[in-house]
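The structure appears below as structure tokens.
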Amino acid sequence: MTTPFDQVIEQIKRRGFHNHRLLEHSDLVSIGILKDLEDQCEPLAADLASGKVKHWLNKSAPGARGRQIDLWIGEPRSNGSPDPAKLRIGIENKSVTTAHRNRDARFDDLNESLQVLHRAKPEAVLVATVIIGVADRVLNVPDRISPFYKNFKKRIQPRLSSGDLKLWTDFPMAISQNKPDDPHLTVAKFRQLKIRPAGHTHEIGYDYLLLVPAYVDNVTAPYIPRPNSLGIDVDAEYENRLNQICKAYRVRFHT
């Protein structure tokens with residue numbers, strides 16, 4: 001099957017590199033999950049079609065010092081803005097691809113968002129997704145290359161993700177080196193996120209966590225590894241999460 005994470009890979013191919021400074025990849029994941037839920041989850045599709053619930057991307061949550069929630073699905077206020085007390089599904093998307101030392105910061109981000117979402121509506125279905133890079137080295141284009149070369153778009157960008165191995169020697173200062181066990185350590189870190197048991201909406205925790213490996217080094221063509229050394233069945237786990245989200249939505253808001 002094609003997942004929203006495959007759509008992220010296609011976007012990286014079109015640009016030539018992963019720009020971790022932009023929200024567009026998170027937006028692609030959010031929109032893709034929303035579309036798949038609409039296609040496969042009849043009660044949510046009916047609520048969206050009737051206007052009973054709406055969706056918002058990157059909406060600031062109340063009391064969160066400006067923290068934005070990647071995908072907010074819930075009942076709107078009379079003015080069309082999201083009503084925090086009527087949140088139904090909240091989804092947060094993160095990635096650790098350029099440098100695995102960032103795993104702790106992204107883990108903290110997800111924990112902080114969890115507190116915000118639970119305060120808004122404990123009964124809401126809360127989901128976290130994390131793209132985990134499996135490349136042993138990555139060319140950090142947004143931070144180390146594109147800001148410093150006036151001819152970047154014409155001379156350098158077309159070479160990216162094309163298999164031009166000379167990029168490694170042309171831009172050694174832009175290489176972020178990862179250790180062989182970094183992806184496994186990052187998976188282990190995010191599996192420490194609190195996942196609450198089914199139906200225990202009084203507990204603070206995500207309902208579902210989806211970890212997705214991705215090979216992105218900005219030199220060779222990016223892809224979602226199937227299979228992978230992390231033991232993650234991307235397609236089966238994504239389909240399972242969709243089914244679980246729909247089931248929880250039906251039980252919590254349609255019974």
Start with the C-alpha distance between Val53 and Ile89, add both sets of side-chain angles, then the distance that settles side chain to side chain contact (heavy atoms under 4.5 Å, CB included), and finish with yes or no.
CA-CA 10 Å; Val53 303; Ile89 300 176; over 6 Å; no
Quick one: ring-ring contact (aromatic ring centres under 6.0 Å, His included) pairs with a partner in residues 173-196, sequence neighbours left out?
none
For Ser95 and His18 the tightest heavy-atom approach is OG-NE2, 4.0 Å
Under 3.5 Å: donor-acceptor pair, side chain of Asn102, backbone of Ala105:
no
My understanding is that only residues two or more places apart in sequence, or in another chain, count here; which of them pass side chain to side chain donor-acceptor pair (under 3.5 Å) with Asn228?
none
Identify the two heavy atoms, one from Ser161 and one from Gly16, that lie closest to each other, and give their separation to 0.1 Å.
OG-O, 2.6 Å
To the nearest 0.5 Å, how far apart are OG in Ser162 and CG in Asn218?
11.0 Å
What closest approach, in Å, do Ala174 and Arg144 show between heavy atoms, and which atom pair accounts for it?
CB-CB, 3.5 Å
How long is the gap from CD on Glu239 to CG on Asp36, to the nearest 0.5 Å?
8.0 Å
Indicate whether any N or O donor in one side chain lies under 3.5 Å from an N or O acceptor in the other, for Asn19 and His25.
no
Given side chains that start at C-beta, do those of Leu110 and Leu193 come closer than 4.5 Å, heavy atoms only?
yes
Steps toward side chain to side chain contact (heavy atoms under 4.5 Å, CB included) verdict (Leu139, Phe17)
CA-CA 9 Å; Leu139 205 65; Phe17 64 98; over 6 Å; no
Other residues, nucleotides and ligands only: do more than 12 of their heavy atoms fall within 6.0 Å of NZ on Lys86?
no
Treating Arg252 as the side-chain partner and Glu123 as the backbone partner, does any N or O pair qualify as donor plus acceptor under 3.5 Å?
yes
Check this for me, if you would: do Lys52 and Glu75 make a salt bridge, where the nitrogen-to-carboxylate-oxygen distance has to be below 4.0 angstrom?
no
Taking the side chain as every heavy atom from C-beta outward, state whether Ile195 and Asp207 have any pair of such atoms under 4.5 Å apart.
no
Under 4.5 Å between side-chain heavy atoms, hopping through other hydrophobics if needed: is there a path connecting Ile12 to Val219?
no
Looking at side-chain heavy atoms only, is the closest gap between Val127 and Leu210 below 4.5 Å?
no
Could you tell me which residues satisfy side-chain contact (heavy atoms from CB on, under 4.5 Å) with Asn178, sequence neighbours excluded, listed by chain and number?
His100, Val138, Asp182
By side chain to side chain donor-acceptor pair (under 3.5 Å), Lys179 pairs with (sequence neighbours left out) none
Residues forming a side chain to side chain donor-acceptor pair (under 3.5 Å) with Glu237, sequence neighbours excluded
none
Minimum-distance pair of heavy atoms, taken over all atoms of Gln40 and Cys246:
O-SG, 4.4 Å
Is there a path of hydrophobic side-chain contacts, each under 4.5 Å between heavy atoms of I/L/V/M/F/W/Y residues, joining Val125 to Leu114?
yes
Can you give each donor-acceptor pair under 3.5 Å made by side-chain atoms of residues 165-173, sequence neighbours left out, with the distance rounded to 0.1 Å?
| from | atom 1 | to | atom 2 | distance (Å) |
| --- | --- | --- | --- | --- |
| Lys166 | NZ | Asp170 | OD1 | 2.9 |
| Lys166 | NZ | Asp170 | OD2 | 3.4 |
| Thr169 | OG1 | Lys166 | O | 2.9 |
| Asp170 | OD2 | Arg159 | NH1 | 3.3 |
| Asp170 | OD2 | Arg159 | NH2 | 2.8 |

Residue set satisfying side-chain contact (heavy atoms from CB on, under 4.5 Å) with Lys153, at least two apart, ordered chain then number -> Gln157
Lys54: which of Pro82, Ser81, Pro76 passes side-chain contact (heavy atoms from CB on, under 4.5 Å)
Pro76
Check against side chain to side chain contact (heavy atoms under 4.5 Å, CB included), Glu92 and Tyr206
CA-CA 10 Å; Glu92 278 286 88; Tyr206 283 101; 4.2 Å; yes
Check: Glu203 main-chain N/O paired with Arg196 side-chain donor or acceptor under 3.5 Å
yes
Heavy-atom pair of closest approach, residues Leu211 and Ile232
O-CG2, 3.4 Å
Do Thr129 and Val212 come within less than 4.5 Å of each other through their side chains, counting heavy atoms only?
no
Residues in side-chain contact (heavy atoms from CB on, under 4.5 Å) contact with Leu57, at least two apart in sequence or another chain:
Asp27, Ser30, Ile31, Leu71
Presence of salt bridge, Arg137 and Asp217, under 4.0 angstrom:
no
Holding to ring-ring contact (aromatic ring centres under 6.0 Å, His included), I want the full list of residues that pass it with Phe107, two or more places apart in sequence or in another chain.
none
Is any side-chain heavy atom of Val130 less than 4.5 Å from a side-chain heavy atom of Arg106?
no
With the 4.5 Å side-chain cut-off for hydrophobic clustering, are Val216 and Val141 part of the same group?
no
Do Gln68 and Ser60 pass the side chain to side chain contact (heavy atoms under 4.5 Å, CB included) test, and can you show the C-alpha distance, the side-chain angles, and the key distance before you say yes or no?
CA-CA 4 Å; Gln68 294 183 329; Ser60 296; 3.7 Å; yes
All side chain to side chain donor-acceptor pair (under 3.5 Å) counterparts of Asp181, not counting sequence neighbours
none
One should read off an interatomic distance between Tyr249 OH and Ile245 CD1, to the nearest 0.5 angstrom, of 12.5 Å
Check side-chain contact (heavy atoms from CB on, under 4.5 Å) between Glu42 and all other residues, then give those that pass, not counting sequence neighbours.
Ala46
I'd like to know if the side chain of Thr186 reaches the main chain of Arg103, judged simply by a donor and an acceptor atom lying under 3.5 Å from each other, with no hydrogens or angles considered.
no
More than 12 heavy atoms of other residues, nucleotides or ligands under 6.0 Å from NZ of Lys189: yes or no?
yes
Distance-only donor-acceptor check, side chains Asp233 and Tyr238, under 3.5 Å:
no
What I'd like to find out is whether the side chain of Trp56 reaches to under 4.5 Å of the side chain of Ile73, using heavy atoms alone.
no
Under 3.5 Å: donor-acceptor pair, side chain of Asp6, backbone of Thr3:
yes
Please determine if Glu38 and Lys35 form a salt bridge, counting it only when a charged side-chain N lies under 4.0 Å from a carboxylate O.
no
Under the 3.5 angstrom rule, does the side chain of Asn140 hit a backbone N or O of Asp143 as a donor-acceptor pair?
yes
Establish whether Ile224 and Leu242 are linked, either directly or via other cluster members, by ILVMFWY side-chain heavy-atom contacts under 4.5 Å.
yes
Salt-bridge contact Arg88-Asp83 (side-chain N to carboxylate O under 4.0 Å)
no
Taking all non-hydrogen atoms of both residues, which atom of His118 and which atom of His202 are closest, and how far apart?
NE2-O, 3.6 Å
Just checking Tyr223 against Phe5, ring centres under 6.0 Å apart?
no
Could you check whether any side-chain heavy atom of Asn58 comes within less than 4.5 Å of a side-chain heavy atom of Ile69, counting everything from C-beta outward?
no
Test of understanding: with ring-ring contact (aromatic ring centres under 6.0 Å, His included), list the residues that count as partners of Phe148, not counting sequence neighbours.
none
pair Val134-Ser229: side-chain heavy atoms closer than 4.5 Å
no
